[in-house]
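What follows is one structure encoded as structure tokens, with my remarks underneath.
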Number of protein chains: 2
Amino acid sequence: MSSPTSRSTVTGRKRQRVTIADVARHAGVATMTASRALNRPEMVSEELRARVLQAADDLNYIPDRAAGGLASGTSLALPVLVPTLHHSVYVQILEGLQERLPASGYQIMLGSTEYSREKEEKLVEVFLGWRPSGIVLSGIDHSERTVRLLKSAGIPVVEIMDLAVASEQSQALDLNIGFSHAVVGEAVVRYLASCGYRHVAYAGTLTELDPRSVRRIHGFQTALMRLGLPHHLIGRSDLPSSLAVGRDLVTDLLHRHPEMDAVFFANDELAAGALFECQRRGIRVPEDLAIMGFSDEEIASHLNPALTTVRIPRHEMGRLAADLLLARLAGTLGAQPPIDVGFEIVQRLTTLAPPHLSQEPS
Amino acid sequence: MSSPTSRSTVTGRKRQRVTIADVARHAGVATMTASRALNRPEMVSEELRARVLQAADDLNYIPDRAAGGLASGTSLALPVLVPTLHHSVYVQILEGLQERLPASGYQIMLGSTEYSREKEEKLVEVFLGWRPSGIVLSGIDHSERTVRLLKSAGIPVVEIMDLAVASEQSQALDLNIGFSHAVVGEAVVRYLASCGYRHVAYAGTLTELDPRSVRRIHGFQTALMRLGLPHHLIGRSDLPSSLAVGRDLVTDLLHRHPEMDAVFFANDELAAGALFECQRRGIRVPEDLAIMGFSDEEIASHLNPALTTVRIPRHEMGRLAADLLLARLAGTLGAQPPIDVGFEIVQRLTTLAPPHLSQEPS
DNA sequence: CTGAAAGCGCTAACAG
DNA sequence: CTGTTAGCGCTTTCAG
């Protein structure tokens, strides 16, 4: 700050990060050999490899992923976009992915779209800047720009939780693992009708925002119309789903449609809330009102009475998505048609079939 | 495949990625000006900025984060390590972080440690390779190497969900937001004892792996001993927690300690499972057995009877962690002592105080 | 306020 | 199997 001819005795002010060059020097090999020893062990003689590994360990070497990514044009980042973490379905899918991906060196980057195509587009844009190896999206409904960006990125894309059927003019971007929500809606109606219920309602939250809800409702109403049953019993809420909203939803439906004898909720949380509400009000389930949930969370089987619901293979979807992605990245998997993981109606006690129906063929 | 003198009419085989140089050229400025227009708008004249922005938009420019990171020595990646996504506590903390961080341009990279210090160390090592701007860890117990790596990385670290009190010889790495689990254990005992319960048990899963459980149990037992009450009623399971495990845990405790009159569970899920089990077996709660949970999930207040539990500010912890991190990154926050967000015992119906006690001073 | 040069740390592509 | 040579795309200097 003062002495004029200050000798530049700047003895390494900044703690130098240890680079692969340091490792190579320490091991007495070329930089490239060190790189290979670390990343493609099979290309290096056992002796050198050992020396390099030793050196890396000695120096506490941590490879710089940014540099690696820049040089190789790709990174081990793997963005996963879910609409929300609030629904345990997505958490479980994430768990499934988390089980496999990190083990192969990939890093999950998490993004929540809040059911908004605009947010999804923004996130895709940001994530693409990381030059990820691939990407996982929820659903098959994306903005045009999202589709364009993804296509030109030329990386594997996995869409989960919905099924892109060609006939529905919704083309899968690449890999696709899910099930048809329209078919779920239809199946539920058919099941409920077979139990003898005639005034069947659908109840959910934010139903317009979630294309999967829309399709479920559509299948639901179509099936109802086909059976000549009323299809206008719909309960909606703008709040994110919760037990409390489930209570409100039944309360409201019961008030507006006293004739209602069954409700299909968009998820088990709402259904559980409704069940709690019925218990409090002395409404007998299923005698006075049948209740059905969606996704078969653990709580469904523990409730009293146990909740009839639709089981979907959440965890499996995550694992399968990871496996396909990994296979594709390894180059062992080509184009694939959409994979339907299906679903299953789990009959429990909240929709007990009336006795006179139990002999009907299903 | 045949013609010998095949002219190299390789008209741009590989789709050239658009770089900032392209943008600059398109806008008629130097590369550096384009970079500044994009990242430090205030350093560039309004006119040029507009031109560059336009060009970037025209060309669909997506900045390469790897290149940016390499050049600048840091990235907008922000690793968050949680023990598991299975407990909704961590999911909600994640939601809190997710609310703030992406809005400031940071990308959350997710890691699950499975309550293992070794896995944590591995993850820290990998994530550090991304040259993140900061990092969020769960808990204050880390391997020596983890601590060393983190210290020498010189980035902000936030430890959440536990409190590093100097007296406990556990020094916070940097920022720390949480609460004392030992104090929770003590407070619960004091509360339960004030209700008149004498044979109080603790029940949890994987208790040895989770240092926070260990501290909670320790506080719990210490308080019990101080009151001259039995402190050997402990229920353990090696399975991850679930409603089913909650059922098994009470069943087992009831069998081993018929005199038990209250149980404190490690989380609300276990407590709810236990409650369901008691209902099924005709054990009256709280008359025959009091039940208490931990973390105050939404379900606690909806159960029948509603569950007494310990409320912890999960969401807030996530948001606060994000805010502190952001402030630190912005350079407006220096060293901070650990922040105790506290907790609160929420009395509901599963631990109704016996009448003869209600007049005692709390 | 704008520009030119240099290089971040690593790996692809070639030679030996 | 090992080494050399060039960059990857961006931002940090340092000059205008």
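Proteins come first, then strands; the chains are lettered A, B, ... in the order of their sequence lines, and each starts at number 1. Owing to the predicted nature of the structure, the values given are computational and were not obtained by experimental measurement. Note that these values count all heavy atoms, side chains included, but never hydrogens, waters or copies made by symmetry.
Summarising the geometry, the separation between CG on B/L76 and P on D/dT11 is reported as 11 Å, rounded to the nearest angstrom. Atom C1' of nucleotide D/dC1 and atom CD of A/E47 are separated by 12 Å, given to the nearest angstrom. What separates CG of B/L38 from C1' of D/dG9 is a distance of 13 Å, to the nearest Å. Atom P of nucleotide C/dC1 and atom CZ of B/R40 are separated by 13 Å, given to the nearest angstrom. As rounded to whole Å, 20 Å separates atom C1' of D/dC10 from atom CZ of A/R65. Going from atom CH2 of A/W130 over to atom P of D/dG9 covers 17 Å, rounded to whole Å. In this structure, CG of B/D64 is placed 10 Å from P of D/dT11, rounded to the nearest angstrom. Between the CZ atom of B/R17 and the P atom of D/dC8 there is a distance of 13 Å, rounded to whole Å.
Here the straight-line distance linking atom CZ of A/R25 with atom CD1 of A/I20 works out to 12.0 Å at 0.5 Å rounding.
A donor-acceptor pair under 3.5 Å is formed between the side chain of B/E159 and the backbone N or O of B/L173. The main-chain N or O of A/P211 is never found under 3.5 Å from a side-chain atom of A/D141 such that the two would form a donor-acceptor pair. A/S104 places no side-chain N or O within 3.5 Å of a backbone atom of A/Y106 that could act as its donor or acceptor partner. Counting only distance, with no hydrogens or angles, the side chain of B/R36 and the backbone of B/P41 share no donor-acceptor pair below 3.5 Å.
Checking the phosphate oxygens (OP1, OP2) of D/dT11, no side-chain nitrogen or oxygen of B/S72 falls inside 4.0 Å.
A salt bridge links B/E125 with B/R145: at least one charged nitrogen is closer than 4.0 Å to a carboxylate oxygen. Using a 4.0 Å cut-off between charged side-chain N and carboxylate O, B/E118 and B/K122 make no salt bridge.
Among the atoms of the strands shown, only primed sugar atoms or phosphate atoms (P, OP1, OP2) are found under 4.0 Å from some heavy atom of B/I20. Residue contacts shown for A/G68 are limited to sugar-phosphate atoms, with no base heavy atom under 4.0 Å away. Contacts of B/R131 with the nucleic acid, taken as non-hydrogen atoms under 4.0 Å apart, involve only primed sugar atoms and P, OP1 or OP2.
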Write out a two-atom table: protein N or O, nucleotide N or O from nucleotides 2-6 of chain D, distance below 3.5 Å.
residue: D/dT2; atom: OP1; partner: A/S45; partner atom: OG; Å: 2.8
residue: D/dT2; atom: OP2; partner: A/S45; partner atom: N; Å: 2.6
residue: D/dG3; atom: OP2; partner: A/A30; partner atom: N; Å: 3.2
residue: D/dG3; atom: OP2; partner: A/T33; partner atom: OG1; Å: 2.4
residue: D/dG3; atom: N7; partner: A/R36; partner atom: NH2; Å: 2.6
residue: D/dG3; atom: O6; partner: A/R36; partner atom: NH1; Å: 3.2
residue: D/dG3; atom: O6; partner: A/R36; partner atom: NH2; Å: 3.1

